[in-house]
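Whatever order the structure lists them in is the order used to number ligands and atoms, beginning at 1.
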Amino acid sequence: MSLIHAGREQVLRRVAAALSQVVHPTTGEDIVSSGRVRELNVDEDGTVRFRFNLHPEDPATLVRTARAAAEKVDGVARVAIQHSLPVAGKPAPKSPLRAGNVPAPTPDAKLLPGVKHVLAVSSGKGGVGKSTVAVNLAAALAASGLRVGVLDADIYGPNVPMMFGEHRQPRVTAAKKLEPLEAHGVKLMSLGFLLTDDQPAIMRGPMIAGILKQFLQEVEWGELDLMVVDMPPGTGDAQLSLVQTIRVDGVVMVTTPQDVATGDVLRAIKMFERVNTRVLGIVENMAGFVCPCCGERYEIFGRAGGQRLAQQTGLEFLGEIPLEVHVREGGDAGLPAVLGQPESPAGLALRAVAERVAARLEGAEARV
Ligand SMILES: Nc1ncnc2c1ncn2[C@@H]1O[C@H](COP(=O)(O)OP(=O)(O)OP(=O)(O)O)[C@@H](O)[C@H]1O
Ligand SMILES: [Mg+2]
């Protein structure tokens with residue numbers, strides 16, 4: 001495909017020139033002639049758009065450098081980048097917990113044909129911030145240009161509608177499929193969109209797997225770089241059947257710093273390892289509260305349990321998110337903290353976790 005489409009020629013030429021000054025830090029290749037920048041275009045309102053084909057050896061900062069270079073060009077109002085995560089990659093690292101594995105689940109390969117990576121956000125315990133982390137990762141990665149969807153697999157207590165501030169019912173297409181709703185640039189599907197507020201979701205394991213399969217087969221997800229699955233709490237049959245229904249490429253485990261939570265998370269990690277599902281790393285949420293009045297830090301849920309767990313399991317520690325009132329308020333109001341208060345300590349921490357997760361997934365083989 002030609003680099004330059006039609007129209008707005010001058011701005012396009014200037015942006016193309018600016019981008020060809022951006023070079024890979026070790027190979028010295030520029031990002032235009034090496035084919036990383038594709039489908040460069042500019043809208044009437046001055047929005048510059050292009051697709052960035054990340055290579056496996058590229059640092060995650062390369063896209064940011066490209067964005068900064070394009071933003072500096074005269075006549076550019078906004079830069080929207082779509083990433084393509086690289087196809088080639090390293091195999092998942094062996095974890096010390098892999099002993100006693102059972103054969104890998106064999107989910108239906110025809111499910112989600114247009115989705116490159118599936119990431120589950122999980123924990124052994126309820127209320128530790130799985131949904132908060134899932135929603136913020138999705139919003140942060142969508143804001144950085146990835147095509148992202150969120151599947152709310154918490155059938156009992158679906159929170160995705162509230163956390164994205166989206167409460168409409170999905171449309172049914174001519175092909176009798178459900179159209180995902182969209183908020184903050186993220187495609188969404190949740191049982192919450194299909195139930196009325198006072199309707200309890202009382203279901204057993206096999207019914208959950210059935211609903212989930214429908215969410216995969218009968219929802220028009222289209223092309224996505226990443227689908228984030230917000231998992232329900234626990235390590236029972238329901239969680240196992242979820243993993244066996246969807247081919248999950250990586251799991252982010254969320255814990256609070258206290259030991260009881262980390263014990264539950266350890267059980268959950270073992271469950272995923274047993275079914276050969278790769279755990280990407282551990283996020284410690286609600287890690288300390290800094291009093292806005294006196295600046296004193298209080299370790300409400302204990303200290304550093306996530307880091308201890310990472311050491312114990314040999315998994316990567318992906319970061320700690322402090323307890324901040326606006327994170328909860330943003331969740332209730334449908335504006336994820338990474339968008340509402342991106343420069344707050346929690347906003348920065350969540351964005352850093354999102355970058356690390358994206359970088360880890362870059363190392364995983366794409367599904368398509
Ligand atoms: N870092 C944080 N700072 C402040 N509030 C937070 C933080 N993380 C989560 N919360 C709040 O804690 C509550 C529980 O979080 P969340 O719903 O994300 O947990 P969960 O693990 O998904 O729960 P469940 O097991 O019920 O699905 C929510 O009200 C959320 O807004
Ligand atoms: Mg939740």
May I ask you to check if ligand 1 and [X] share an N or O to N or O distance below 3.5 Å?
X: S131; answer: yes
X: L323; answer: no
X: P322; answer: yes

- Item | Closest non-hydrogen atom pair between T256 and Q258, with its separation | OG1-OE1, 2.8 Å
- Message: I need the minimum non-hydrogen distance between L339 and P342, along with the two atoms involved.
- Response: O-CD, 3.4 Å
[atom]: which protein heavy atom is closest, and how many Å away?
atom: atom 27 (O) of ligand 1; result: D154 OD2, 3.2 Å
atom: atom 7 (C) of ligand 1; result: V327 CG1, 3.7 Å
atom: atom 30 (C) of ligand 1; result: T132 OG1, 3.6 Å
atom: atom 28 (C) of ligand 1; result: R328 CG, 4.3 Å
atom: atom 19 (O) of ligand 1; result: G129 N, 3.0 Å
atom: atom 8 (N) of ligand 1; result: N285 ND2, 2.8 Å
atom: atom 14 (C) of ligand 1; result: G127 O, 3.9 Å
atom: atom 12 (O) of ligand 1; result: M286 CE, 3.5 Å

- Message: Among residues at least two apart in sequence or on other chains, which ones pass side-chain hydrogen bond (donor to acceptor under 3.5 Å, both in side chains) with T132?
- Response: none
Would you call [X] and [Y] a salt bridge, taking side-chain N to carboxylate O under 4.0 Å as the test?
X: R14; Y: D74; value: no
X: E343; Y: R351; value: yes
X: R51; Y: E39; value: yes

- Message: Is it the case that the side chain of D154 and the backbone of P233 share a donor-acceptor pair, with hydrogens and angles ignored and the cut-off at 3.5 Å?
- Response: no
- Return yes if some donor-acceptor pair links the side-chain N/O of K187 with the main-chain N/O of W221 below 3.5 Å, else return no. yes
- Item | ligand 1 versus S123: contacting region, heavy-atom distance under 4.0 Å | neither
- Indicate whether the side chain of S20 and that of D30 have a donor and an acceptor atom separated by less than 3.5 Å. no
- Item | Pair H24-S34, side-chain donor/acceptor within less than 3.5 Å | no
- Task: Could you pull out, from E324, K130, M163, the option with a heavy atom nearest to atom 17 (O) of ligand 1?
- Result: M163
- Following the transitive rule for hydrophobic clusters with a side-chain heavy-atom cut-off under 4.5 Å over Ile, Leu, Val, Met, Phe, Trp and Tyr, establish whether L191 and V172 coincide in one cluster. yes
- Task: Check the hydrophobic clustering (I, L, V, M, F, W, Y; side-chain heavy atoms under 4.5 Å; chains of links allowed) and say if L119 and L146 are grouped together.
- Result: yes
- Query: Just which atoms of ligand 1 are under 4.0 Å from any heavy atom in P233?
  - Reply: 25 (O)
- With heavy atoms of G126 as the reference, note each atom of ligand 1 found under 4.0 Å away. 25 (O)
- Query: Side chains of H184 and L335: closer than 4.5 Å at any heavy-atom pair?
  - Reply: yes
- Neighbouring protein N, O or S atoms of the Mg ion (ligand 2) [cut-off: under 2.8 Å, no waters]: S131 OG
